[in-house]
2 protein chains.
Amino acid sequence: MSLRHAILGLLERQPSTGYELARRFDLSLATAWHASHSQIYPELSKLEAAGLVEVVARGARQSKTYALTESGRDELRRWLVEETPDRSQRNEGALRLFLGQLLDPGDRQAVFERDLDYIEEQTEQLRALQSVLEPGEPFAAQVDLGLRINAVLAAWLAEQVEQPGPDGEHDGRGPAR
Amino acid sequence: MSLRHAILGLLERQPSTGYELARRFDLSLATAWHASHSQIYPELSKLEAAGLVEVVARGARQSKTYALTESGRDELRRWLVEETPDRSQRNEGALRLFLGQLLDPGDRQAVFERDLDYIEEQTEQLRALQSVLEPGEPFAAQVDLGLRINAVLAAWLAEQVEQPGPDGEHDGRGPAR
DNA sequence: GTTGACATGTAACAAGTTACATGATTGA
DNA sequence: TCAATCATGTAACTTGTTACATGTCAAC
């Protein structure tokens with residue numbers, strides 16, 4: 001279960017409330033993991049029961065700020081260093097790039113242009129983020145990686161859209177319109 | 001639910017048994033989607049009940065070969081062209097790259113070297129696949145994209161391993177050994 | 001004959017989503 | 001005071017995993 005370690009990692013960077021974690025999942029961690037509050041709150045309770053996190057502050061509106069305990073830090077390191085990563089993938093975007101090849105040229109071009117728009121939008125956001133970060137910040141390296149991958153994706157999509165592609169002599173058996 | 005459309009896409013390329021689909025999920029679709037036979041068989045039944053696939057051959061060992069029906073092809077195209085992609089991510093590898101920055105330099109180097117080994121191994125497999133494919137084959141473009149992304153990842157990981165990194169002056173609050 | 005790959009299924013459990021539900025505080 | 005945001009939780013459902021269970025066929 002990676003949700004647990006995603007939460008531990010976010011709390012290691014910065015103690016947070018469940019509500020703040022939910023936002024951080026969609027900001028700093030958006031390209032790596034997603035979780036909604038209905039998953040986060042029960043998991044925080046379990047982590048607290050297991051002694052991996054603790055409430056370090058209570059603020060207005062019944063808010064509870066959690067931080068890692070020593071054993072939480074140990075568990076995070078153990079997971080990162082000792083546990084074999086799960087490399088299995090489930091990525092709808094990648095699936096669509098793969099299956100897009102089955103479409104006839106007109107549909108494929110429309111679909112890939114939509115993807116390209118999305119990549120360009122995401123690239124702008126990463127650039128905005130980059131300009132705010134200090135260059136020494138560890139997180140800056142991740143932003144840089146994201147930008148490099150986006151550049152590769154954008155170039156590939158542009159190539160797919162330009163060329164009629166190998167499906168140009170479409171045979172009518174594909175999922176054409 | 002993308003499993004449904006992943007299956008439709010695989011069957012559009014090549015009619016298959018459930019057993020063959022399970023293998024193809026871990027071969028051609030490995031970088032985009034994963035599914036095990038215990039998920040595939042029930043979904044094939046549902047797809048057949050919905051009239052999106054049909055049994056086109058029965059072979060030895062009670063095997064059933066499925067293929068798309070006309071409405072299966074329509075549904076696949078509709079999903080690809082009309083439905084808004086779910087861009088939310090859940091990628092343990094990316095999460096680990098992100099959280100790896102929290103480790104002290106020694107641990108981080110070990111972890112990133114392990115990742116680099118994995119990328120290089122996967123790159124070799126892609127190259128082997130590439131040498132087998134005809135250049136016109138639509139699937140060749142996907143293999144090419146995979147190789148380009150791997151090259152970016154490998155370069156980034158090599159940089160992270162070479163430099164002691166911004167965490168060189170580790171402050172003892174991270175998940176150090 | 002027995003091992004290994006082919007082939008299909010179900011059951012119990014874990015993980016994740018969507019909808020429901022409530023309340024506090026801030027600023028206009 | 002009213003709307004938006006902050007803040008936390010639960011319930012019902014869907015999706016995905018692991019383990020259980022069975023049987024066929026080919027090659028050695």
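Predicted model, so just to flag it, every value in this text is computed and none were measured.
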Length of the [atom1]-[atom2] vector between [X] and [N], whole Å:
X: B/E20; N: C/dA7; atom1: CD; atom2: P; answer: 6 Å
X: B/E43; N: C/dT8; atom1: CD; atom2: C1'; answer: 16 Å
X: A/L3; N: C/dA15; atom1: CG; atom2: C1'; answer: 9 Å
X: A/I7; N: C/dG16; atom1: CD1; atom2: P; answer: 10 Å
X: B/E48; N: C/dT8; atom1: CD; atom2: P; answer: 12 Å
X: B/L44; N: C/dA7; atom1: CG; atom2: P; answer: 14 Å
X: A/F25; N: C/dT17; atom1: CZ; atom2: P; answer: 11 Å
X: A/R4; N: C/dG16; atom1: CZ; atom2: P; answer: 12 Å

Check your understanding: Mapping B/H37 and B/M1 to their closest nucleotides on DNA chain D, which lands nearer the 5' end?
Key ->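 Its nearest nucleotide lies further toward 5', so the answer is B/M1.
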
Review point. Quick check: does any side chain N or O of B/S71 sit under 3.5 Å from a backbone N or O of B/G51, one acting as donor and the other as acceptor?
Key: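 It does hold such a pair.
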
Review point. Is there a donor-acceptor pair closer than 3.5 Å between any side-chain N or O of A/S16 and the backbone N or O of A/Q14?
Key: yes

Check your understanding: Considering only C/dT17, C/dT8, C/dA24, which nucleotide approaches the side chain of A/R61 most closely?
Key ->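 Within the option list, the nearest is C/dA24.
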
Check your understanding: With respect to the side chain of B/T17, which nucleotide from C/dC6, C/dT8, C/dG16 is positioned closest?
Key -> C/dT8

Review point. Heavy atoms under 4.0 Å, any strand shown: does B/S36 hit a base, just sugar-phosphate, or nothing?
Key: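 Base: the residue B/S36, judged by heavy atoms under 4.0 Å, touches a nucleobase.
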
Check your understanding: Checking all strands, does A/S38 fall into the base, sugar-phosphate, or nothing category for heavy-atom contacts under 4.0 angstrom?
Key ->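 Since a base atom lies under 4.0 Å of A/S38, the category is base.
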
Practice item. Give a yes/no answer on whether the side chain of B/Y19 brings an N or O atom under 4.0 Å of OP1 or OP2 in C/dT8. Key: no

Review point. OP1 or OP2 of C/dA15 sitting under 4.0 Å from any side-chain N/O of A/Q39?
Key: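 Answer no for this pair, as no side-chain N or O of A/Q39 is under 4.0 Å from OP1 or OP2.
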
Check your understanding: Cation over ring, B/R4 on B/W79, under 6.0 Å and within 45°?
Key -> no

**Study point:** Start and end of chain A contact along DNA chain D [non-hydrogen atoms, under 4.0 Å]
**Key:** D/dT5 to D/dT17

Between the side chains of [X] and [Y], is a donor N or O closer than 3.5 angstrom to an acceptor N or O?
X: A/H5; Y: A/E83; answer: no
X: B/Q89; Y: A/T31; answer: no
X: B/S63; Y: B/R58; answer: no

Review point. Looking at B/L102 and A/G9, what are the two nearest heavy atoms and their distance?
Key: CD1-O, 3.7 Å

Check your understanding: Between B/S88 and B/S63, which is nearer to the 5' end of DNA chain C once each is assigned its nearest nucleotide?
Key ->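 The answer here is B/S63.
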
Check your understanding: Starting at the 5' end of DNA chain C and moving along, which residue's nearest nucleotide shows up first, B/R90 or B/Y66?
Key -> B/Y66

